[in-house]
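In each ligand, atom 1 is the first atom listed, and ligand 1 is the first ligand listed.
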Amino acid sequence: MAVNKEKYKEIIAELEGKATLVAVSKTKPVEDILELYQLGHRDFGENYVQELVDKEAILPKDIRWHFIGHLQSNKVKYIAPFVHLIHGVDSENLLKEIHKQAAKNNRVIDCLLQIHIATEETKFGFNEAELHNLKMAQFENVKICGLMGMASFSDDMNLVRSEFKKLRSIFNDYFSPKQKTPETAETPLTIHHSPFTLSMGMSGDYKTALEEGSNMVRIGSLLFGERNYNK
Ligand SMILES: *Cc1c(COP(=O)(O)O)cnc(C)c1O
């Protein structure tokens, strides 16, 4: 299935100046990625470590690879040399491993903390209490750039919107320009990097996410067509 270039241009125009588009290319062939690349697109998102490593090896080096899936600690080492942003950091252990692998590669890896906002139990992420207790100052080779979340997989846009609102409000508490300064912070999670990223919104709900303050959307099927996992 060909890439929907019309849709791509429409979305880019819609996001202009407000949000970054991560084109989610998981399960899709490198030819599809190159089609968007030739239109000037550089941010691509993948969910599976092996697939990402294989694609990175043969595609242009100026692509910014976003890892958006659930990352297992033992696989961090494969993507640490090149990954641009890891969206789904959901445990202190994983942070520690990313720090270790980043240090080995002499780099600082940008990360987003994943927050559990959906009603479904199956989605990964920190809850607010866990976020509050997170101690991450010791991980110098990790830069926490913001938050990521996935809303419930639902047609109920009121539910989806309320989940995005919740994520936005947590984001504002920790990452807005008016965030608590380290001196007055009531929490061990002190953050001093900018600009901050709020990654929320996918093909089915990105418009709602933008209305609720998203500045990074992750869109796959609208651009590349439905995915077929049984190929
Ligand atoms: C697959 C995936 C997307 C893209 O989903 P679409 O509905 O195809 O746009 C976005 N974010 C994450 C975390 C994903 O796993």
I'd like to know if [X] and [Y] make a salt bridge, using a cut-off of under 4.0 Å between side-chain N and carboxylate O.
| X | Y | value |
| --- | --- | --- |
| E56 | K61 | yes |
| K166 | E163 | no |
| E46 | K26 | no |
| E211 | K207 | no |

Fill in: With sequence neighbours excluded, residues passing ring pair (Phe, Tyr, Trp, His ring centres under 6.0 Å) with Y206
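Y206 satisfies ring pair (Phe, Tyr, Trp, His ring centres under 6.0 Å) with no other residue.
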At less than 3.5 Å, what protein N or O atoms come close to the N or O atoms of ligand 1? Include the distances to 0.1 Å.
| from | atom 1 | to | atom 2 | distance (Å) |
| --- | --- | --- | --- | --- |
| ligand 1 | 8 (O) | S221 | N | 2.8 |
| ligand 1 | 8 (O) | S221 | OG | 2.8 |
| ligand 1 | 8 (O) | R227 | NH1 | 2.8 |
| ligand 1 | 8 (O) | R227 | NH2 | 3.1 |
| ligand 1 | 9 (O) | S203 | N | 3.0 |
| ligand 1 | 9 (O) | S203 | OG | 2.5 |
| ligand 1 | 9 (O) | G220 | N | 2.8 |
| ligand 1 | 11 (N) | R218 | NE | 2.8 |
| ligand 1 | 15 (O) | K26 | NZ | 2.7 |
| ligand 1 | 15 (O) | N47 | ND2 | 2.8 |

Worksheet entry | Pair H41 and Y8, ring centroids less than 6.0 Å apart |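 Yes, the ring centres sit under 6.0 Å apart.
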